[in-house]
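One structure is given here, and the rest of the page talks about it.
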2 protein chains.
Amino acid sequence: METKHVSSLRRFNRYFTRRIGALDDHYLGQDRPLAEARMLFEIGEAGGGGASLRELRTRLGLDAGYLSRMVKSLERQGLVRVGVHAEDSRVRVAELTSAGRAEFAEQNRRSDALAEGLLRGLSAEQRGQLTGALRAAQRLLRLAAIRVEVVDGDSADGRACLDAYAADIDARFPEGYDPATLVLPHEVSGDAGALLVAYEEGRPVACGALRTLEPGVGEIKHVWVHPEARRLGLARRLLDALEQRAAERGFDVVRLDTHASLTEAQAMYRACGYTEIPRYNDDVYASHFFEKQLAR
Amino acid sequence: METKHVSSLRRFNRYFTRRIGALDDHYLGQDRPLAEARMLFEIGEAGGGGASLRELRTRLGLDAGYLSRMVKSLERQGLVRVGVHAEDSRVRVAELTSAGRAEFAEQNRRSDALAEGLLRGLSAEQRGQLTGALRAAQRLLRLAAIRVEVVDGDSADGRACLDAYAADIDARFPEGYDPATLVLPHEVSGDAGALLVAYEEGRPVACGALRTLEPGVGEIKHVWVHPEARRLGLARRLLDALEQRAAERGFDVVRLDTHASLTEAQAMYRACGYTEIPRYNDDVYASHFFEKQLAR
DNA sequence: ATAGTTCTTTGACTTTAGTCAAAGAACTAT
DNA sequence: ATAGTTCTTTGACTAAAGTCAAAGAACTAT
């Protein structure tokens with residue numbers, strides 16, 4: 001890897017955290033410990049339903065005892081109200097009181113004012129450029145943080161993604177989608193195929209399946225990306241990973257089909273070296289068929 | 001200002017400080033308090049000559065007593081050696097011992113490894129895109145943080161910039177440059193003209209002068225940008241600010257001259273609406289002459 | 001020379017942040 | 001029903017971070 005990229009990232013990190021991050025923390029905190037301010041912010045961000053202590057603990061990476069005490073302190077200050085979770089009464093849920101919401105709004109106001117102050121020195125055009133550059137950087141940093149893993153055909157994360165996929169396209173296809181059509185666990189386990197799940201900060205955000213169509217021929221199914229992880233280039237990465245698995249398993253060629261309505265997907269397949277072929281199955285949802293020779 | 005830009009900056013800040021900044025801090029610290037690790041890093045960055053406690057204090061924003069104790073602790077650990085400043089014996093200067101340098105190198109190694117880990121998930125092309133986006137963002141953030149101020153004609157910062165300007169072009173012009181040619185304090189003070197200095201985090205990084213050439217005609221002189229603040233678009237901003245001052249002072253037109261060798265400057269003047277005119281003075285350093293009508 | 005500043009150190013604190021272990025209540029799987 | 005988990009609270013700490021004021025040595029300006 002070129003050292004240029006490493007040093008550029010480090011340089012940016014130093015500059016940004018010192019100039020913007022530290023400043024924002026300081027403004028956010030104001031007359032309250034930073035950890036408390038941060039927690040108030042997280043509870044506020046969670047919105048109406050409140051945030052469970054469990055969530056807060058993982059989100060902020062705090063010790064359970066420390067967090068418990070901090071919530072209690074916020075409660076004493078009248079900013080937070082704690083109740084039990086509707087479904088699991090071990091779990092406690094914190095939500096803002098009206099005083100807490102006022103404080104949260106004040107935090108936001110201060111943070112906005114800080115950001116505005118930073119942007120004030122730029123022309124409208126430069127602000128647009130900055131926003132564009134930050135968006136591009138964030139997209140790439142997110143993408144870099146996502147890990148694609150091979151999971152078992154009946155793994156909970158894998159099935160959850162497939163179910164989300166089914167629900168997603170059921171809403172999208174005029175004719176709906178029957179979840180019984182999904183690949184079966186044994187079709188994508190062991191030597192038969194593969195199920196890939198992409199994780200972002202521990203949460204599954206995308207999947208893709210590979211199964212055996214006939215000897216030497218693999219089929220790629222159910223490439224799906226969570227709505228909040230779209231436009232990162234993740235589908236392409238999953239496709240690459242699936243092709244690599246296919247090559248490792250000794251397939252010479254992979255095929256896939258797609259629904260007429262998914263035109264972006266079709267464009268992606270073409271861009272990734274797939275060529276359109278005649279119908280190879282009787283899938284009622286499929287209208288376009290593609291295939292790609294794998295380099296061995 | 002569009003709220004889009006504000007929220008985009010805030011979103012990026014949250015994502016970046018949490019994902020990258022916090023991680024880097026954690027790695028940097030390792031088995032040493034973060035504040036100590038940071039200080040070691042700052043002393044290391046300062047290089048051979050060491051860093052004065054005074055510098056460190058402002059750079060890290062720490063209380064004098066706190067810093068004093070921290071340096072002493074680093075000294076006890078054999079990582080830092082403290083001596084007195086050559087010119088001012090109130091000031092103490094900290095520099096790394098060889099053990100300190102080893103620790104500093106280790107910090108850098110860890111930080112590089114972290115950055116490399118982050119970049120590993122990206123293709124070479126995507127890494128290039130990320131580097132480009134970060135560079136653009138940093139450029140704009142720096143530019144946004146720079147404030148242009150009107151200073152008195154004999155202000156220390158102003159004269160320091162003008163001296164730097166003179167030294168700079170003395171090295172650049174084949175025939176050298178005589179500093180006696182610089183504008184005099186009274187020419188750029190009060191109603192006669194203006195001296196602008198641009199500050200980045202308290203340090204003067206650029207200047208520009210405006211003086212009266214004849215009634216209704218101003219002259220822009222000595223637009224200079226510190227080498228470390230170049231390519232940010234700062235010269236253009238100074239030029240804008242000088243023109244604004246000129247308009248406020250009632251000039252109808254501003255002129256300027258430039259040396260044949262400064263082709264980038266000439267291109268900038270043209271891009272900013274200046275048109276070339278015949279020689280209007282007998283300045284030996286000048287070969288191209290420009291003028292711009294000011295909107296009133 | 002002298003008054004006012006600047007730079008640093010020291011003493012005496014407080015607050016914030018965080019850790020670890022024990023224990024109880026509520027869930028889950030068998 | 002019961003054993004094992006999960007979620008949270010509490011007690012008992014420690015370490016890190018930071019503040020404030022006083023004081024001495026070294027500078028600067030008049």
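Labels below follow one simple rule: chain letters A, B, ... track the order of the sequence lines, proteins then strands, and each chain is numbered from 1. Given the structure is predicted, the values throughout are model-derived calculations rather than measurements.
Regarding A:L53, its CG atom lies at a distance of 15 Å from the C1' atom of C:dA25, rounded to whole Å. Atom pair A:D88:CG and D:dC7:P shows a separation of 7 Å (rounding to whole Å applied). Regarding B:L60, its CG atom lies at a distance of 14 Å from the C1' atom of D:dG18, rounded to whole Å.
OP1 and OP2 of C:dA25 both lie 4.0 Å or more from every side-chain N or O belonging to A:S89. For C:dC7, the OP1/OP2 oxygens have a side-chain nitrogen or oxygen of B:R54 closer than 4.0 Å. Within the 4.0 Å cut-off from OP1 or OP2 of D:dA26, not a single side-chain nitrogen or oxygen of B:R92 is found.
Applying the 3.5 Å distance criterion, the base of C:dT8 shares no donor-acceptor pair with the side chain of B:R90.
With sequence neighbours left out, B:D170 forms a salt bridge (charged side-chain N to carboxylate O under 4.0 Å, His left out) with no residue at all.
Note on ring orientation: taking the six-membered ring where Trp is involved, the planes of A:H222 and A:Y165 are tilted (angle from 30° to 60°).
The stretch residues 30-45 of chain A participates, sequence neighbours left out, in these salt bridge (charged side-chain N to carboxylate O under 4.0 Å, His left out) pairs: A:D25-A:R38, A:R32-A:E36, A:R32-A:E103, A:E42-A:R59, A:E42-B:R14, A:E45-B:R14. Applying the salt bridge (charged side-chain N to carboxylate O under 4.0 Å, His left out) definition to pairs two or more places apart or across chains, those involving residues 150-168 of chain B are B:D168-B:R230.
At distances below 3.5 Å, at least one donor-acceptor pair connects side-chain atoms of B:Q77 with backbone N or O atoms of B:S73.
Secondary-structure stems of DNA chain C, taken as three or more successive Watson-Crick or G-U wobble pairs (i with j, i+1 with j-1) under a 3.5 Å distance threshold, comprise C:1-30 with D:1-30.
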Please tabulate the protein-to-nucleotide N/O contacts below 3.5 Å involving nucleotides 15-19 of chain C, giving atom names and distances.
unit_1	atom_1	unit_2	atom_2	d
C:dA17	OP1	A:A35	N	3.4

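At most 12 non-hydrogen atoms from other residues, nucleotides or ligands lie less than 6.0 angstrom from CD of B:E228.
For the segment residues 152-163 of chain B, no residue has any heavy atom less than 4.0 angstrom from an atom of DNA chain D.
Closest contact between the side chain of B:A64 and the listed nucleotides D:dT8, C:dT9, C:dC7 involves C:dT9. Here the side chain of B:V91 is nearest to one of C:dT8, D:dT8, C:dC27, namely C:dT8.
A salt bridge between A:E106 and A:R109 is present, with a side-chain N of the basic residue lying under 4.0 Å from a carboxylate O of the acidic one.
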